[in-house]
Amino acid sequence: MEYRTLGRTGLSVSVMGWGAGGPARLGQRDNINTESESVDLLLEGFDAGVNFVDTAEVYGTEDIVGKAIQQRDRDKFVISTKKSTRKEKFTPEGTIQSLEDSLWRLQTDYIDIYHIHGLRHDDYDYCLNEIVPVLNKMREQGKIRYIGVTEAFNSDLNHDMLQRALQDDIWDVMMIGFNFLNQSARETVLQPCIEKNIGTLIMFAVRRALSRPEKLSEAINTLIDSGEIDSADIDLSAPLMEVVENSDAVSLPDLAYRFCREEAGTHVILSGTSNPKHLRDNIASFKRDILADATIEQLKHIFRNVRSVTGE
Ligand SMILES: NC(=O)c1ccc[n+]([C@@H]2O[C@H](COP(=O)([O-])OP(=O)(O)OC[C@H]3O[C@@H](n4cnc5c(N)ncnc54)[C@H](OP(=O)(O)O)[C@@H]3O)[C@@H](O)[C@H]2O)c1
């Protein structure tokens, strides 16, 4: 497993990060896994070298992450969790309570990266003035090591909130929606993060469109209709399969993870699953060689104008 420095935090993190949310939620969303099966899945990833795990108060997986970490050496892992921005509890008092609850569920006395979750551009100034001072206080108390913010990619395709957040010297880490279908964060977020040495976590690397063929066909048809991609660039009977076949990628998710891994400015690529076989396949992807330049350039070219889909 490759390890990278997470920007100005200086933390050494595995390029593959465990995502305990997303469509899978470790198999808890649709009751695919029992709690102990989800704990075992996490541990298998940890034992393969993944030292980064992302969860959130709203995922319902913090306690599972806590149970897995208890079975390993806490200090060797980077735990990332998030404060919900749902209206009623997005207050200074609510933030203190949320953090205490997360610490309890995670069975730890510190969180490495505490994020504001899916912050909307309209709520940014409120967050800056009312919530960030609370986060700074909790950092002084040693309950948080670094402060992060995650975007609501499905409703903020232009990365407006993160572009605003980049103007303030507050955020140590940003979680960014990026994949080869929608590479719009490259100039607007990733490049400034490099310049400011901000740690980056990539979400949506695979999501649904790059893990389910029917979702990919849906996304490709939308993009042809909107004129964002050229139908001449794609074999519509089996979208992108020829890119996979002409490269050393073994599958679409493999291609998708390895594309993100090579993107300048990316540190941790988040990967979530409910399925032990998918976990093993994904670990193998992160251990494979880098993709050929020609493959990366082909994907950059096909999707260069895409702005309207996230891969959802
Ligand atoms: N705003 C935010 O803060 C925010 C939003 C979204 C996500 N996140 C974070 O980012 C993490 C990653 O989320 P994501 O949205 O990128 O999705 P994800 O959690 O990585 O989900 C990937 C999807 O692809 C499937 N999959 C994974 N590996 C596969 C493989 N090898 N073959 C076939 N299918 C595969 C999974 O289904 P199976 O269970 O069948 O494998 C799952 O449905 C989340 O877990 C969460 O921690 C944060």
Side-chain angles (χ1 to χ4, degrees), residues 6-9 17 19 21-22 54-59 80-102 111-141 143-179 182-204 207 265-268 270 307-312:
L6 186 64
R8 66 198 209 179
T9 70
D54 177 66
T55 180
E57 66 171 331
V58 296
Y59 293 165
S80 153
T81 191
K82 315 189 199 76
K83 164 68 192 142
S84 164
T85 49
R86 286 181 189 162
K87 281 282 178 260
E88 63 287 1
K89 289 192 190 156
F90 194 41
T91 60
E93 304 72 36
T95 302
I96 294 167
Q97 188 59 52
S98 285
L99 176 69
E100 294 298 340
D101 293 347
S102 289
I111 283 162
D112 298 278
I113 306 162
Y114 196 59
H115 301 267
I116 301 301
H117 193 168
L119 185 61
R120 287 169 201 278
H121 186 264
D122 287 353
D123 294 333
Y124 186 84
D125 286 340
Y126 169 78
C127 178
L128 184 66
N129 297 326
E130 303 294 331
I131 307 294
V132 168
V134 176
L135 300 182
N136 284 334
K137 196 169 279 179
M138 295 191 297
R139 178 164 26 194
E140 283 161 23
Q141 292 169 5
K143 293 178 179 176
I144 297 175
R145 293 179 74 195
Y146 301 101
I147 292 171
V149 64
T150 82
E151 66 179 344
F153 189 34
N154 280 324
S155 58
D156 183 5
L157 279 96
N158 196 38
H159 311 285
D160 287 332
M161 185 283 295
L162 288 179
Q163 292 190 64
R164 170 69 188 86
L166 280 159
Q167 294 169 23
D168 296 313
D169 189 27
I170 294 169
W171 311 102
D172 301 309
V173 179
M174 292 185 172
M175 191 185 292
I176 305 155
F178 179 83
N179 53 41
N182 184 332
Q183 307 168 28
S184 58
R186 179 175 295 123
E187 287 85 21
T188 53
V189 186
L190 286 169
Q191 190 56 41
C193 283
I194 294 173
E195 287 155 18
K196 292 169 183 284
N197 199 21
I198 292 172
T200 62
L201 312 177
I202 301 305
M203 60 176 168
F204 283 68
R207 195 74 183 185
T266 65
H267 296 138
V268 175
L270 293 167
R307 297 292 179 272
S308 73
V309 303
T310 61
E312 179 68 12

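In this text the structure is predicted, and so the values were computed from the model without any measurement. Numbering of residues begins at 1 and proceeds along the displayed sequence.
- Rounding to the nearest 0.5 Å gives a distance of 12.5 Å between NE2 of His267 and CE of Met174.
- Using modelled atom types, one finds no donor on one side chain facing an acceptor on the other under 3.5 Å when comparing Lys143 with Tyr114.
- A side-chain N or O of Ser155 and one of Arg120 form a donor-acceptor pair less than 3.5 Å apart.
- Just one of Asp168, Asn129, Asp160 meets the side-chain hydrogen bond (donor to acceptor under 3.5 Å, both in side chains) condition when paired with Tyr124; it is Asp168.
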Query raised in the report: Tyr59 and His117: ring pair (Phe, Tyr, Trp, His ring centres under 6.0 Å), yes or no, with the steps?
Result: CA-CA 11 Å; Tyr59 293 165; His117 193 168; 5.5 Å; yes
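- By the 4.0 Å N-to-carboxylate-O rule, Asp54 lies close enough to Lys82 to be salt-bridged with it.
- The backbone N or O of Phe90 sits less than 3.5 Å from a side-chain atom of Tyr126, completing a donor-acceptor pair.
- At a cut-off of 3.5 Å, with distance as the only test, a side-chain donor of Thr310 or Asn154 sits close to an acceptor on the other residue.
- For the pair Glu312 (side chain) and Phe153 (backbone), a donor-acceptor distance under 3.5 Å is absent.
- Classification of Asp172 and Arg145 as a salt-bridged pair fails, no side-chain N sitting under 4.0 Å from a carboxylate O.
- When all heavy atoms of Gln183 and Asn179 are compared, the closest pair comes out as CG-O, 3.4 Å.
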**Report entry** Chi angles and distances behind the side chain to side chain contact (heavy atoms under 4.5 Å, CB included) call for Ile116, Ile147
**Finding:** CA-CA 8 Å; Ile116 301 301; Ile147 292 171; 5.9 Å; no
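- Residues Lys83 and Thr95 bring no donor and acceptor atom of their side chains to less than 3.5 Å of each other.
- In this structure, the separation between CG on Asp156 and CE on Met161 is 6.5 Å, given to the nearest 0.5 Å.
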